[in-house]
Amino acid sequence: MESKETKVALNLSPAARAHRLGDLMLEKKARDLVVIEIDKISSLADYIVIATVDNSRQLKAVAQDLDEAMKEEGAPRLGIEGRDQAWWVLLDFGDVIVHLMQAEAREFYDLEQLWADGEIVRRSDDDGTV
């Protein structure tokens with residue numbers, strides 16, 4: 001039987017799920033969080049959440065924690081890429097895609113520029129409101 005919390009998580013909007021993932025990332029000391037709304041420019045997902053981590057150990061730990069938290073909340077991931085290399089991990093939660101990156105990878109790939117036509121709805125120094 002599903003718990004009340006799981007039922008609530010299943011009803012989260014893509015925006016709420018993106019912010020929930022962002023909150024979890026910040027709790028685990030990821031930094032430079034950016035949430036970009038892309039639903040108007042891409043059919044890939046509704047939101048992309050990007051954050052920087054300090055090293056491969058932190059990257060793996062944060063990715064695992066996000067994976068476990070979303071599974072417990074009834075929103076398991078659909079796919080994962082890059083876990084073995086631990087330089088950049090992509091977690092696909094369907095309507096939200098998470099990119100956890102070490103600083104060098106984030107600078108090199110510059111995803112914010114790639115998705116510049118999307119709307120930035122949150123940064124790590126924001127109060128978290130949409």
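Keep in mind it's a predicted model, so treat the numbers as computed, not measured. In what follows, every heavy atom counts, from backbone to side chain, and hydrogens, waters and symmetry copies are set aside.
Residue Ala75 comes nearest to Arg17 through the heavy atom pair CB-NE, 3.5 Å, listed as atom of the first residue, atom of the second, then distance. For the pair Gly94 and Ala45, the tightest heavy-atom approach, listed with the atom from each and the gap, is O-CB, 3.7 Å. Between Tyr47 and Ala15 the shortest heavy-atom distance is OH-CB, 3.3 Å. Annotation for Leu24 and Ala69: closest pair CD1-CB, 3.7 Å, computed over non-hydrogen atoms. Closest approach of Pro14 and Val96 over heavy atoms only: O-CG2, 3.6 Å.
From Leu91, atom CG reaches atom CD1 of Ile97 across 10.0 Å, with rounding to the nearest 0.5 Å. Summarising the geometry, atom CD1 belonging to Ile50 is positioned 4.5 Å from atom CD belonging to Glu112; distances are rounded to the nearest 0.5 Å. Here Ile120 contributes atom CD1 and Arg122 contributes atom CZ; the two are 13.5 Å apart, rounded to the nearest 0.5 Å. Taken to the nearest 0.5 Å, the CG atom of Asp65 stands 11.0 Å off from the CE atom of Met70. Atom CD of residue Glu37 and atom CD1 of residue Ile48 lie 11.5 Å apart, to the nearest 0.5 angstrom. With rounding to the nearest 0.5 Å, the separation of NE2 in His19 from CG in Asp23 is 8.5 Å.
Side-chain contact, Arg106 with Thr52: a donor N or O sits under 3.5 Å from an acceptor N or O.
Among residues at least two apart or in separate chains, salt bridge (Lys or Arg N to Asp or Glu O under 4.0 Å) pairs with a member in residues 76-90 are Asp67-Arg77.
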- Task: Report the C-alpha distance between Val49 and Met25 in whole Å, list the side-chain angles of each, state the deciding distance to 0.1 Å, and finish with yes or no for side-chain contact (heavy atoms from CB on, under 4.5 Å).
- Result: CA-CA 10 Å; Val49 183; Met25 293 160 81; 3.6 Å; yes
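Within the 4.5 Å cutoff, side-chain heavy atoms of Leu111 are placed close to those of Met101. For the pair Leu66 and Leu21, the minimum side-chain heavy-atom distance is below 4.5 Å. Residues Ile38 and Asp46 fail the side-chain proximity criterion, which asks for heavy atoms closer than 4.5 Å. Between Trp115 and Ser42 the shortest side-chain heavy-atom distance falls below 4.5 Å.
Linking Ile, Leu, Val, Met, Phe, Trp and Tyr whenever their side-chain heavy atoms come within less than 4.5 Å puts Trp88 and Leu114 in one cluster. By the rule that hydrophobic residues join a cluster once side-chain heavy atoms approach within less than 4.5 Å of another member, Val34 and Leu44 end up as members of one cluster. Both Leu26 and Val121 are members of a single hydrophobic cluster when ILVMFWY side chains are connected at heavy-atom separations under 4.5 Å.
Note on Asp54 versus Arg31: salt bridge recorded, some NZ/NE/NH1/NH2 to OD/OE distance being below 4.0 Å. Look at Arg20 and Glu73 and you find a salt bridge, because one of the NZ, NE, NH1 or NH2 atoms lies within 4.0 Å of a carboxylate O, short of that distance.
Ring-plane geometry between Tyr109 and Trp87 is classed as perpendicular, the angle between the planes exceeding 60 degrees on a 0 to 90 degree scale with a lower cut at 30.
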